[in-house]
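This report concerns only the one structure given below.
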2 protein chains.
Amino acid sequence: MKILLIEDDPVHRSFLKEMVTSAMPECQQLWEATQGAEGEQLAREHHIASVVMDLQMPQKTGIEAAKVIWRERPETAILFWSNYADEAYVRGISRIVPHDAAYGYILKTASEEHLQLALRSLFIEQQCVIDREVRGVQQQAQDRHFGLNDLEYEVLQDIALGLTDRMIAQRRNLSLRSVQNRLQQLYEKLHVHEHDHEQTANQMFNLRTRAVHIAMLRKLLNSTALQQAEVELAKWRQQRQAAALNAAPPIHK
Amino acid sequence: MKILLIEDDPVHRSFLKEMVTSAMPECQQLWEATQGAEGEQLAREHHIASVVMDLQMPQKTGIEAAKVIWRERPETAILFWSNYADEAYVRGISRIVPHDAAYGYILKTASEEHLQLALRSLFIEQQCVIDREVRGVQQQAQDRHFGLNDLEYEVLQDIALGLTDRMIAQRRNLSLRSVQNRLQQLYEKLHVHEHDHEQTANQMFNLRTRAVHIAMLRKLLNSTALQQAEVELAKWRQQRQAAALNAAPPIHK
DNA sequence: GTGCTTTTTGCGGGAACCCGCAGCTTTTTT
DNA sequence: AAAAAAGCTGCGGGTTCCCGCAAAAAGCAC
């Protein structure tokens, strides 16, 4: 039995190592990686079936690393060990987990027993182990009236990136008006208008930026999610520009 | 000699304790607090002159706790031990440190020797110890052309909160146009216009939200800074409303 | 004081945003 | 198949935002 740890913080890494060796005596080989790319590499080379990783890492996010690992070996069991239960992370993970894979999500605040139990359940019984708190977020996100659906979440990201309505329309293949509709729904669900009705015609908030801010407070967005969204935006911009060049007839005039 | 540790994460706390006891044998009493308020309390009761604290904590930020402690006993030496060197934190600290107090800022990624040396220098020699990286941020923040000055930083926060131009003007006692001037400078410094000049009249970005996003990427803002800004905004709203009520003549009609 | 820079303010207009209304298409329900 | 729900689209207009231009106002040298 082989296990791989991916964790950048040395303090946490040594703690993790301690936990794993004591909870899993049947583990014969234990690898450690200090960042995502290195972890992918090790998993690939040694055909590792059990991974524990941190979600927050510089360079390559845990989510990105997990995506790569699962693409190559979808049966890998991955335990995410994270500081936060932000909706951005939870969403990110549910988006990439293969539907027959076993995985777990444990908060770093969990007790040692809890962590060790999770390790055994997941790696030996192949049973999913999701922290209570995370479950809560997962469900809340699916609530029809409280949570945002994928489309709303998409525009939320887009405006958080700073895109214009017109650009969003272009990117998502929609009309301008449709984008604005989505935005209205978003504003509705985030209760952007709270306390704002005060007598005066004075609007207190710019809805667009206020929505982003509220989303940050509610942990619907976080900075790593935005960083990732930014690189996807860059990709899109690139291919759009390429398409524009091809479409444009050779200019002679 | 008495030392107080304020750190919420148990793993880091035990590590810190280890470091302190080995680096400071002259330390006779060592207190530990798991959150800001508790730390303030202990510092007050026991007249502690040397504190080590984490910056990122739930409930009460390290910065808020430090503010309180320094207000009561400005000669206290405080070592901030933090995961990040975000400009938001650095700014926050320089804003509150008494001008004759000794303090330090060490990143959690620093080596054990580094940390121990810092502890001795600060608590025994009363000498400020600032991490290289943090220094870098500090200087960059003061650069006339790259960094934001306080006024620009202020509007940045305000738009990040989602305020309207008009509201910002009201809050900061400025004319509408002045606010917009500040915003223009801000956009300039953040290079919001990059690559945007492409031939078409199509603006790619909404400058306001784009600026916020870029600021997040550059760590000029972070979520805890915004949370704090939000409560200050709430305060202002409250007193503004109170003022409005007093100003309004008793309505009879 | 006179000059100089920096900051603040007003005016005006083009663009973007927010959104009610109404018609159209697609999906879901019955 | 008919009805209902949900989503997409265009139109129009009220508001806010972004910013160039230019004139006061404040700060700072000499």
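Chain A is the first sequence line, chain B the second, and so forth, proteins listed ahead of strands; every chain is numbered from 1.
Glu75(B) is linked by a side chain to side chain contact (heavy atoms under 4.5 Å, CB included) to Arg73(B), counting only residues two or more places apart in sequence or in another chain. With sequence neighbours excluded, the residues satisfying salt bridge (charged side-chain N to carboxylate O under 4.0 Å, His left out) with Glu154(A) are Arg172(A).
Of the candidates dC19(D), dT9(D), dT16(D), the closest approach to any side-chain atom of His193(B) belongs to dC19(D). For Asn206(A), whose side chain is taken as the heavy atoms from C-beta onward, the closest listed nucleotide among dG10(C), dC18(C), dA16(C) is dC18(C).
One interatomic measurement links the two molecules: CG of Leu174(A) to P of dG10(D), which rounds to 11 Å at whole-angstrom precision. Atoms CE (Met204(B)) and P (dA15(C)) sit 18 Å apart, rounded to a whole Å. For Arg208(B) and dT15(D), the CZ to C1' distance is 13 Å, given to the nearest whole Å. In this structure, the CG atom of Leu151(A) is 15 Å from the P atom of dA6(D), given to the nearest Å. Look at CD on Gln203(B): it is 14 Å from C1' on dC17(C), rounded to the nearest Å. Counting to the nearest Å, the C1' atom of dC17(D) and the CZ atom of Arg210(A) are 19 Å from each other. Per the geometry, CG belonging to Leu176(A) stands 9 Å off P belonging to dG10(D), to the nearest Å. Rounded to an integer number of Å, the gap from CG of Leu207(A) to C1' of dC17(D) is 13 Å.
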**OP:** Determine, for nucleotides 24-29 of chain C in 5'-to-3' order, which nucleotides have protein heavy atoms under 4.0 Å from the base (write B), from only the sugar-phosphate (write S), or from neither (write -).
**Re:** ------
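Near DNA chain D, meaning a heavy atom under 4.0 Å away, the residues from residues 177-187 of chain A are Arg177(A), Ser178(A), Asn181(A), Arg182(A).
Side chain of Glu232(A) to backbone of Ala229(A): no donor-acceptor contact under 3.5 angstrom is found. Side-chain N or O atoms of Asp158(A) include none that pairs as donor or acceptor with a backbone N or O of Ile168(A) at under 3.5 Å. Between the side chain of Arg210(A) and the backbone N or O of Leu163(B), no donor-acceptor pair lies under 3.5 Å. Judged by distance alone, the side chain of Thr164(A) and the main-chain N or O of Met167(A) form no donor-acceptor pair under 3.5 Å. No donor-acceptor pair closer than 3.5 Å links the side chain of Thr61(B) to the backbone N or O of Glu64(B). A distance-only check finds no donor-acceptor pair linking the side chain of Gln228(B) to the backbone of Ala225(B) [under 3.5 Å].
Note: His193(B) and Tyr187(B) have perpendicular aromatic rings, judged against thresholds of 30 and 60 degrees for the angle between ring planes.
When the C1' atoms of four end pairs are superposed on the next four at each end of the helix from dT5(C)-dA26(D) to dT30(C)-dA1(D), using five pairs per end, the two resulting axes differ in direction by 40°, to 10°.
Heavy-atom minimum distance, Ser121(B) versus Val129(B): CB-CG2, 3.7 Å.
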Can I get a per-line list of side-chain donor-acceptor pairs under 3.5 Å for residues 87-96 of chain A, giving both atom names and the distance, sequence neighbours left out?
{"from": "Glu87(A)", "atom 1": "OE2", "to": "Arg91(A)", "atom 2": "NE", "distance (Å)": "3.3"}
{"from": "Glu87(A)", "atom 1": "OE2", "to": "Arg91(A)", "atom 2": "NH2", "distance (Å)": "3.3"}
{"from": "Tyr89(A)", "atom 1": "OH", "to": "Gln56(A)", "atom 2": "NE2", "distance (Å)": "3.4"}
{"from": "Arg91(A)", "atom 1": "NH1", "to": "Asp150(A)", "atom 2": "OD1", "distance (Å)": "3.2"}
{"from": "Arg91(A)", "atom 1": "NH2", "to": "Leu148(A)", "atom 2": "O", "distance (Å)": "2.7"}
{"from": "Ser94(A)", "atom 1": "OG", "to": "Val90(A)", "atom 2": "O", "distance (Å)": "2.6"}

